[in-house]
Amino acid sequence: MLAYLIRRLTAVVVMLLVVTLVTFGIFFLIPKLTGSDPAAMFVGKQADPASIEGIRQKLGLGDPILVQFWHFVSGIFVGRDYVGGGDTIHCNAPCFGYSFRNEQEIWPILLDRLPVTLSMVIGAAALWLIMGVSTGVVSALRRGTVVDRAAMMTALAGVSLPIYFTAMLALLVFRTQLGWIHGEYVPISDSFGDWFSGLVLPWVTLAFLYAAMYARLTRATMLEVLGEDYIRTARAKGLTEPVVLSKHAMRSTMTPILTIFGMDLGALVGGAVLTETAFNLPGLGNLAFQAISTRDLPEILSVTLITAAAVVLANLVVDLLYAVIDPRVRLA
């Protein structure tokens with residue numbers, strides 16, 4: 001197990017390095033090849049050559065791309081100094097550079113926005129996992145009944161409706177018409193009630209989409225597992241139906257569920273753009289939307305790397321949990 005863990009951790013480090021290199025090349029090498037100048041984007045439309053050159057020297061944009069990449073990667077761990085106009089500006093570790101929009105360090109911006117995204121993602125993930133898996137199991141056990149058809153019709157609607165439509169509909173009904181939900185996002189340290197009120201609609205809206213997919217996948221997997229020989233053997237041995245379902249069927253059913261759960265959870269750390277924009281949540285997804293709108297390359301790069309790291313780490317956790325859920329993995 002220790003050797004497997006070391007191999008997986010090594011693969012994670014290599015993967016993160018490759019993702020960082022590719023992402024950095026996309027945002028800083030390709031603009032140069034296409035004639036765009038990141039320094040001119042930093043200065044703005046009313047830029048003179050002297051200002052552009054000063055920014056290029058200050059941020060090190062005139063260095064070879066591999067040198068820029070090395071400074072970027074090393075700056076994440078030990079910080080980075082920017083020199084320009086006779087002044088030395090130190091970016092505290094870790095350092096993702098400076099925003100083109102407001103010239104602020106990006107790392108504090110990420111730390112300020114990350115709790116919002118984590119609050120939304122973790123709450124919605126708990127909802128969609130419980131709702132989706134339980135609905136799928138009930139549908140599989142009641143195959144062909146009214147309950148099964150109603151659950152799958154609801155799941156089909158959840159998969160088909162786009163997130164921005166359900167978000168706008170939820171805001172119209174529950175906030176504007178009924179007045180059940182009030183206020184915007186408030187940090188949990190300020191008021192738990194206001195924090196919960198500001199997130200309950202995003203939770204339900206996001207969970208409705210994902211729970212629908214999980215319900216359909218759980219139902220299909222459960223039906224396949226219930227037809228396996230070891231399930232018939234367990235029943236023939238006299239085990240009760242709850243024991244057969246919980247101890248044998250659910251373990252095999254949860255393996256594909258766990259796989260997509262890790263990927264969804266990691267991707268949503270920086271990819272919940274539509275949900276955060278629709279509900280005006282100041283998270284990483286909203287930051288990515290604003291950065292794309294203003295062509296702020298350092299902010300886009302930082303959110304992309306945070307998302308990639310979250311996906312890779314989530315998949316590492318999933319791989320380690322396989323052995324806990326499915327005994328066949330331990331035997332392998």
Side-chain angles (χ1 to χ4, degrees), residues 114-140 147 150-175 178 180-188 191-222 246 250 253-286 307 310-311 314 317-318 321 325:
L114 186 59
V116 182
T117 299
L118 290 180
S119 298
M120 184 194 65
V121 170
I122 293 175
L127 281 179
W128 86 56
L129 190 61
I130 296 173
M131 295 167 52
V133 173
S134 59
T135 302
V137 171
V138 171
S139 296
V147 174
M152 289 303 100
M153 286 294 294
T154 305
L156 180 61
V159 172
S160 304
L161 295 176
I163 189 69
Y164 55 83
F165 174 78
T166 54
M168 293 297 101
L169 184 62
L171 286 172
L172 175 64
V173 173
F174 296 104
R175 179 174 293 181
L178 300 177
W180 291 356
I181 305 297
H182 302 279
E184 303 294 336
Y185 174 81
V186 175
I188 191 173
S191 172
F192 177 81
D194 293 338
W195 171 82
F196 183 85
S197 176
L199 285 174
V200 63
L201 276 184
W203 284 344
V204 173
T205 303
L206 198 57
F208 181 60
L209 170 64
Y210 282 88
M213 296 186 291
Y214 280 64
R216 294 173 66 87
L217 178 60
T218 302
R219 179 184 183 274
T221 308
M222 177 64 79
S246 61
M250 281 303 298
T253 302
M254 287 303 296
T255 301
I257 300 298
L258 185 63
T259 301
I260 65 169
F261 181 72
M263 295 179 64
D264 290 338
L265 196 63
L268 277 176
V269 170
V273 177
L274 293 177
T275 306
E276 292 186 1
T277 303
F279 291 100
N280 196 28
L281 295 175
L284 292 180
N286 201 324
T307 305
V311 172
V317 174
V318 166
L321 289 178
I325 292 179

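Counting from 1, the numbers follow the sequence of the chain as shown. This is a predicted model, so every value here is computed, not measured.
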Worksheet item: For the residue pair Ser191 and Val186, what are the closest heavy atoms and their distance?
Response: N-CG1, 4.3 Å

Worksheet item: Is atom CE of Met263 surrounded by more than 12 heavy atoms (other residues, nucleotides or ligands) closer than 6.0 Å?
Response: no

Item to complete: Could you walk me through whether Thr166 and Leu209 pass the side-chain contact (heavy atoms from CB on, under 4.5 Å) test, one step at a time?
Response: CA-CA 9 Å; Thr166 54; Leu209 170 64; over 6 Å; no

Discussion item. Within the 4.5 Å heavy-atom criterion, are Thr275 and Thr205 side-chain neighbours or not?
Written reply: no

Discussion item. What I'd like to find out is whether the side chain of Val138 reaches to under 4.5 Å of the side chain of Val147, using heavy atoms alone.
Written reply: yes

Worksheet entry | Non-hydrogen atoms of Ala207 and Leu127 that approach each other most closely | CB-CB, 3.6 Å

Fill in: Gap between atom CG of Leu199 and atom CG of Leu281 - 0.5 Å precision
6.0 Å

Discussion item. Under a 3.5 Å distance rule, please check whether Ser139 uses its side chain to pair with a backbone N or O of Ala151 as donor and acceptor.
Written reply: no

Worksheet item: Any sub-3.5 Å donor-acceptor pair from Ser119's side-chain atoms to Pro115's backbone N or O?
Response: yes

Discussion item. Using every non-hydrogen atom in the two residues, find where Ala278 and Leu171 come nearest and quote the distance to one decimal.
Written reply: O-CD1, 3.7 Å

Donor-acceptor list for residues 210-218 side chains, cut-off 3.5 Å, not counting sequence neighbours:
unit_1, atom_1, unit_2, atom_2, d
Tyr214, OH, Ile260, O, 3.4
Tyr214, OH, Phe261, N, 3.2
Tyr214, OH, Asp264, OD2, 2.9
Thr218, OG1, Tyr214, O, 2.6

Response to the item:
Note: Val200 and Ser197 closest approach over all heavy atoms is CG1-O, 3.5 Å

Discussion item. To check you understand the geometry: which heavy-atom pair defines the closest contact between Trp195 and Ile188, and what is its length?
Written reply: CD1-N, 3.6 Å

Worksheet, complete the sentence: d(Trp128 CH2, Leu265 CG) to nearest 0.5 Å is 6.0 Å

Worksheet item: Centres of the Trp203 and Phe279 rings: under 6.0 Å?
Response: no

Worksheet item: From Glu276 CD over to Met120 CE, what is the distance, rounded to the nearest 0.5 angstrom?
Response: 4.5 Å

